[in-house]
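Counting starts at 1 for both ligands and their atoms, in listed order.
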Amino acid sequence: MSVIRIRGLHCLEGEIRIQGSKNAVLPLMAASLLHRGTVVLKNVPGIQDVNCMKGILEYLGCVCEWNAHTLRISTEGLNTAVIPEAEAGRMRSSVMLLGPLLGRLGEAVSHHPGGCSIGRRPIDLHLSALRKLGAEIRVEGDRITASAEGLRGSEILFPFPSVGATENAVMAAVAARGITVLRGASVEPEIEVLCRFLKKMGARIDGIGSSTLMIEGGQPLHDVTFAVPGDRIVAGTYAGAVLAAGGDVLLREAPADHMGAVLHAMNRMGGRTELLPEGIRVRMDGRPGAVCLATEAYPGFPTDLQSVIVAVAALADGESRIRETVFEARFASAKELQKLGAHIIIEDRTVRVDGTYPLTGGSVRAADLRGGAALVVAGLAARGTTVLTGCEHIRRGYEDICRDLCSVGADMEYGTVAT
Ligand code: EPZ
């Protein structure tokens, strides 16, 4: 079994180039199906979820060439709308193929998506949006069968800003005849990136960046080359690592424009963040201070960094309170932190953390992607060695967390333990 071993209490100095965004590139890969032609994506992160999505596109008949960080997708050969169950179950993003497949082929067969176990994660909003656009959808157990004679523009009101459901609806609306208005849409940066990508491909979308999107579907689409922005969650993870371990690190190409709430919270904890043309400089001397915050939809503090901020709070000077408002079961890593000596009380969707420094190295297990990264952050501030199992979760979203953190002085490596 693969593990990550971390010998803590080394401060971090230097710079890390931030990889392209996982949650931006996956919908772009799905959206490429809308156009019978070629899409070239640049700054594509070398992560497991991209590999999985590439495999699904190739299974569907596309040709994908991935060299370094450039991914070329040719969709002329698209010849089936059936997504293999095993692949659909490996990540949440498989559900985002429903909209583009309905738009391109008029049908889609998939299965309930996989992804991090951080809550029930239903897909009712995805299905209701696609039905509003004219799709007939049957759900039998985990199997989803969708068909549409031709998608038609409609007005859709989201009861709350689901990121994935907004992305699915936008992609389907681009292929639908007529006007679609999405109200209460998610305004996460990844939605803006998707809309800019689709506009560059020829789609007509107004209201980009707002919660009301108007899409005039049925426009002719053409080949496009598009650069994926830096990953704000990876950048926030590494900023958290600097707060935990101390030091001075430049996060090159970090998307500062989309990290306001994250940087504000870290400054409140005593971090010193500086916006530079080339990225974000993060400095930390001594222990971080406590923080009280709640995760929220953008532009609030992102749920994907809740586990990381809890890890930093575990060693902070004082009592922190962090409330998770987006997912109902996202405290798995908080429980693991207790094995490293953290004083954490979990009360429904809030954690109370009485910081202690340093933590004590121990054996912990990652149960999900961001929780695993948070346990790495905690290990950097633990005396002795921390052994992290379940690190395959981390590779889904981080190109190489050991490479990145070792490049600025962390003492950690991949290893194996006998199973
Ligand atoms: C996206 O997931 C991200 N994943 C998640 O990142 C992120 O945490 C989440 O948005 C929130 O920002 C990708 O982009 C691949 P939602 P998504 O639909 O689209 C409920 C990571 O670590 N809901 O906004 O699944 C849902 O259960 C991952 O990179 C419904 O009830 O998020 C959750 O409680 C983890 N019905 C809430 O809405 C639906 O039809 C927010 O989910 C859809 C969602």
field: Min heavy-atom dist Ser93 to ligand 1 below 4.0 Å
entry: yes
query: Taking the side chain as C-beta and beyond, is there a heavy-atom pair between Val351 and Glu347 under 4.5 Å?
result: no
Ligand 1 atoms in contact with His126 (distance to a heavy atom under 4.0 Å): 40 (O)
query: Do the non-hydrogen side-chain atoms of Thr180 and Arg152 ever get within less than 4.5 Å of each other?
result: no
task: Look at Glu15 together with Arg17 and state whether they make a salt bridge at an N to O cut-off of under 4.0 Å.
output: no
field: ligand 1 contacted by Glu324 (non-hydrogen, < 4.0 Å)
entry: no
field: Protein residue, atom and distance nearest to atom 2 (O) of ligand 1, heavy-atom basis
entry: Arg121 NH2, 3.5 Å
message: Could you tell me if the side chain of Phe197 sits less than 4.5 Å from the side chain of Val224, heavy atoms only?
response: yes
query: Tell me, do Leu71 and Glu65 make a side-chain contact under 4.5 Å, heavy atoms counted?
result: no
message: With a cutoff of 4.0 Å, is Phe160 in contact with ligand 1, counting heavy atoms of the residue only?
response: yes
Matching residue for Leu105 among Leu60, Thr80, Leu33, Leu78 - test: side chain to side chain contact (heavy atoms under 4.5 Å, CB included): Leu78
- prompt: Does an N or O from Val326, backbone or side chain, lie closer than 3.5 Å to an N or O of ligand 1?
  reply: yes
- prompt: Is any N or O atom of Asp124, backbone or side chain, closer than 3.5 Å to an N or O atom of ligand 1?
  reply: yes
statement: If you scan protein heavy atoms around atom 32 (O) of ligand 1, the nearest is Phe327 CZ, 4.1 Å
field: Distance from atom 18 (O) of ligand 1 to nearest protein heavy atom, with residue and atom
entry: Ser162 OG, 2.8 Å
query: ligand 1 versus Arg330, non-hydrogen atoms closer than 4.0 Å: side chain, backbone, both, neither?
result: side chain
task: Have a look at Val163, Val25, Asp304 and point out the one with the heavy atom closest to atom 24 (O) of ligand 1.
output: Val163
message: To check your reading of the model: name the closest protein heavy atom to atom 3 (C) of ligand 1, its residue, and the distance in Å.
response: Asn23 ND2, 3.7 Å
message: Polar contacts were defined as any N/O atom of the residue lying under 3.5 Å from an N/O atom of the ligand; does this apply to Thr303 and ligand 1?
response: no
- prompt: Which pairs pass salt bridge (charged side-chain N to carboxylate O under 4.0 Å, His left out) with one or both residues in residues 301-310, sequence neighbours excluded?
  reply: Asp304-Arg330
- request: Could you establish whether Pro122 and ligand 1 come within less than 4.0 Å of each other, counting only heavy atoms on the residue side?
  value: yes
- prompt: Which protein heavy atom lies closest to atom 25 (O) of ligand 1, and at what distance to 0.1 Å?
  reply: Arg92 NE, 2.9 Å
message: Taking distance alone, with N or O pairs closer than 3.5 Å, would you say Leu125 contacts ligand 1?
response: yes
Within-cut-off N or O pair, Gly164 and ligand 1, under 3.5 Å: yes
- prompt: Looking at Ile6, Val308, Val364, which hits side chain to side chain contact (heavy atoms under 4.5 Å, CB included) with Leu375?
  reply: Val364
- request: Specify the closest pair of heavy atoms between Arg232 and His258, including all atoms of both residues, with the distance to one decimal.
  value: CD-O, 3.8 Å
field: Element-labelled atoms of ligand 1 that are located less than 4.0 Å from some non-hydrogen atom of Arg370
entry: 21 (C), 22 (O), 29 (O)
- line: The atoms of ligand 1 lying under 4.0 Å from a heavy atom of Ile123, numbered in the order shown, are 39 (C), 40 (O)
message: Within the structure provided, determine whether Leu34 and Leu198 are in side-chain contact (heavy-atom separation under 4.5 Å).
response: yes
query: Is the count of non-hydrogen atoms from other residues, nucleotides or ligands lying under 6.0 Å from Lys200 atom NZ greater than 12?
result: yes
query: For Asp400, which residues count as a side chain to side chain contact (heavy atoms under 4.5 Å, CB included) partner, sequence neighbours excluded?
result: Cys402, Arg403, Tyr414
message: For Arg120, state whether at least one heavy atom is located under 4.0 Å from any atom of ligand 1.
response: no
